[in-house]
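Chain letters run A, B, ... following the sequence lines, proteins first and then strands; every chain starts at 1. Since this is a predicted model, take the numbers as computed values, not measurements.
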Protein chains: 2
Amino acid sequence: MFELDLRSRKPIYEQLVDKLKELIINEILKPDEQLPSVRTLAQELTINPNTIQKAYRELETQGFIYSQQGKGSFVNPNNESRDAGKVNSIKTELEKLILEALYLGVKAEELIQLIENLNASKGGGDSND
Amino acid sequence: MFELDLRSRKPIYEQLVDKLKELIINEILKPDEQLPSVRTLAQELTINPNTIQKAYRELETQGFIYSQQGKGSFVNPNNESRDAGKVNSIKTELEKLILEALYLGVKAEELIQLIENLNASKGGGDSND
DNA sequence: CTAAGTGTATTACTAATCTTAATACAGTTA
DNA sequence: TAACTGTATTAAGATTAGTAATACACTTAG
């Protein structure tokens, strides 16, 4: 299900968070779909269950999944209103990166094109990155 | 010159890097303008010179400043061609954030507006964030 | 109720990072 | 030469991050 780089400087749990976020955003994991249990996934990836749990907790904090004790962890159906704070922090990050890109000579049109491409492929299934 | 949060989880040198990048991008620090010396700034902020140096080294690695032994550290005039690798990594980061924003319900138009606003204010002096 | 599955919490050990400090070296400039 | 620059090294302490082992709590199927 995942390919992890155990030798990377990037923590395992962070790699997990990124990959799962990607799967959720690209709707490969559907709303309310159950994720693998912490122990199952831990066995599969040959890492510690706590590491999985740390990733799941982070995803829950960020609002991408919800967990129920005894039942499992599931993809959070994305109601586009609950995340005002998160949207704001993302916008702040975006501003920083956009300013940096503009400073380095990237044209505004190019950035706009980037958005339009990503927006067009949204919901169109998987992406190749 | 700066306000640092010594109690923050964010390392001091990283706070410095961010602030200086901002000043450079917004052209408050002009090309070839000399930065405060590591020792001066260290005294001013009551922190260790090594911490300043770490920030300066990071800024130099990222291409925002250049340093000359015996002379000082200076804002790097931004020739908009040298940073192909950096531009690419910024674009990758942007893609991730844009996808996440779109997923959370932010409209593409809103993001485009964001870019246009930032682009319009570019070179127009300071910003209020 | 029991068994086997789920998530959760606590604790501990290890490793890495951050900050400071004390020196020393090297180049520039007046 | 003196006083300023950046740079490098080493070491120490503190904090944080990552991983692991274990126990607890809830849910579901029988």
So what does [X] hit on the nucleic acid, given a heavy-atom distance under 4.0 Å: a base, only sugar-phosphate, or nothing?
X: B/Q34; answer: nothing
X: A/T40; answer: sugar-phosphate
X: B/R57; answer: nothing

Is it the case that one hydrophobic cluster holds both A/I28 and A/L45, taking links as side-chain heavy atoms less than 4.5 Å apart, direct or via other members?
-> yes
Given A/K91 and B/E110, is the salt bridge (Lys or Arg N to Asp or Glu O under 4.0 Å) satisfied, shown in steps?
-> CA-CA 10 Å; A/K91 278 190 193 169; B/E110 193 176 347; 2.4 Å; yes
What nucleotide, of [options], holds the atom closest to the side chain of [X]?
X: A/N50; options: D/dA20, C/dC18, C/dT19; value: D/dA20
X: A/V38; options: C/dC18, C/dT8, C/dA24; value: C/dT8
X: A/K54; options: D/dG18, C/dA9, D/dC26; value: D/dG18
X: A/Y13; options: C/dT8, C/dT20, D/dG18; value: D/dG18
X: A/S37; options: D/dG6, C/dG7, D/dT28; value: C/dG7

Where DNA chain D forms runs of at least three Watson-Crick or G-U pairs (i with j, i+1 with j-1, under 3.5 Å), the stems are C:1-30 with D:1-30
Basic-acidic side-chain contact under 4.0 Å: A/E100, B/K86 | yes
So, is B/K71 near the phosphate of C/dG27, with a side-chain N or O under 4.0 Å from OP1 or OP2?
-> no
Rounding to a whole Å, what distance do you find between A/N48:CG and D/dA17:C1'?
-> 14 Å
